[in-house]
Protein chains: 2
Amino acid sequence: MPRRAPTDTLCCPPATTTADTGLAPADSPEADEELASLAKALAHPVRVRIVRMLARKDARMCSHIVDELPLAQSTVSEHLRVLKAAGLVVTNERGPRIGYCIAPAALRRLKSLLQAL
Amino acid sequence: MPRRAPTDTLCCPPATTTADTGLAPADSPEADEELASLAKALAHPVRVRIVRMLARKDARMCSHIVDELPLAQSTVSEHLRVLKAAGLVVTNERGPRIGYCIAPAALRRLKSLLQAL
DNA sequence: ATCGCCAATCGTCGATTGACGATAGCTCGG
DNA sequence: CCGAGCTATCGTCAATCGACGATTGGCGAT
């Protein structure tokens, strides 16, 4: 087995305490843009899979994700960039190993916006 | 006021009685594809807005939708085609006036898939 | 039968996306 | 301080998307 990162020191933010459970308006031009933007981030099977992996607290590092997908490292990095740009994923940069994890608030916001449909 | 369609004879299917509330698996490669596909349909603000309009049981005809959007008729038609291809919208063709409406089952499926994240 | 409205389709254009390899930059460990 | 591992970025290429105008086809009403 190849020498890998410890997987230990990488961590997610300690659970969003701000209870933002759909308090923002969910029916407005801005909400349309917001929902479309979040939906666009999930509009690719690979990104859905990555989100699932991260939600399970699996495969935190980019290289871990690369290992599980039949894609080049640069491609995975690009998908992660899209997810991060949409706010669905946040990074915890700690040296050369970057921890990727779900942004629970964004995911909740997405669910909230969708439920409002 | 311009002479318009009656808005009366256009109708939606009489409420899906089949209680398909997330019974299909929501975590599999197929589910990834399905969620990505549905998300892609919502990955544009105009389509989100159209879905909202239809969910409110407003603006059933294509021309009604065109009236409320700063877009050409062909563009709106294309967005409707995308929504229909994704299964989020169904048509009730009755002569030259075509009734567009939400497919409640598809919307529920989308919410279900998303909640599983 | 013809006219008028409604909607789908076609063809085009520029912009964006998704994929890849190659390269560069970063930190930690030796 | 030098190498090794990890990731971001660049450049490229094909494919897809979004928007439009113009055209076509269809039904109902006049």
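A note on names: the letters A, B, ... follow the listed sequences, proteins ahead of strands, and every chain is numbered from 1. Since we're looking at a predicted model, the values are computed, not measured.
In this structure, Arg47(B) places its CZ atom 9 Å from P of dC17(D), rounding to the nearest Å. Distance Met61(B) CE to dG4(C) C1': 13 Å, rounded to the nearest Å. Here the P atom of nucleotide dT23(C) and the CD atom of Glu78(A) are 20 Å apart, to the nearest Å. The CG-P distance, from Leu42(A) to dT17(C), rounds to 15 Å in whole Å. For the pair Ile98(A) CD1 and dC6(D) P, the interatomic distance rounds to 12 Å; values are reported in whole Å. As a whole-Å value, the separation of Leu69(A) CG from dG18(C) P is 15 Å.
Looking at every heavy atom in both residues, Leu54(A) comes nearest to Tyr100(A) through CD2-O, 3.4 Å. The minimum heavy-atom distance linking Leu83(A) with Ala41(A) is given by the pair CD2-O, 3.7 Å.
No side-chain heavy atom of Arg81(B) sits under 4.5 Å from any side-chain heavy atom of Lys84(B). Using a 4.5 Å cut-off on side-chain heavy atoms (C-beta onward), Val76(B) and Cys62(B) make contact. In this structure, Leu114(A) and Leu38(A) have side chains that are not in contact, with every pair of non-hydrogen atoms separated by 4.5 Å or more.
In the set dG18(C), dA7(C), dA19(D), the nucleotide with an atom closest to the side chain of Leu71(B) is dA19(D). The side chain of Tyr100(A) approaches dA8(D) more closely than any other nucleotide in the set dA22(C), dA8(D), dA7(C). Listed candidates were dA7(C), dC20(C), dA19(D). Nearest to the side chain of Thr75(B) is dA19(D). Distances from the side chain of Ser74(A) to the nucleotides dC20(D), dG21(C), dT7(D) place dG21(C) closest. Distance from the side chain of Ala72(B) is smallest for dC20(D) among the nucleotides dC6(C), dC20(D), dA22(C).
For Glu30(A), the side-chain hydrogen bond (donor to acceptor under 3.5 Å, both in side chains) criterion is met by Ser28(A), not counting sequence neighbours.
Of the residues in residues 79-88 of chain B, none has a non-hydrogen atom less than 4.0 angstrom from any atom of DNA chain C.
Under the 4.5 Å side-chain heavy-atom criterion for ILVMFWY residues, no single connected hydrophobic cluster contains both Leu42(B) and Val82(A).
Residue His64(B) places none of its side-chain N or O atoms closer than 4.0 Å to OP1 or OP2 of dC6(C).
Checked by distance alone, Gln73(B) brings a side-chain donor or acceptor within 3.5 Å of a matching partner on the base of dA8(C).
Heavy-atom nearest nucleotides on DNA chain D were determined for Lys40(A) and for Ser77(A), and the one closer to the 5' end corresponds to Ser77(A).
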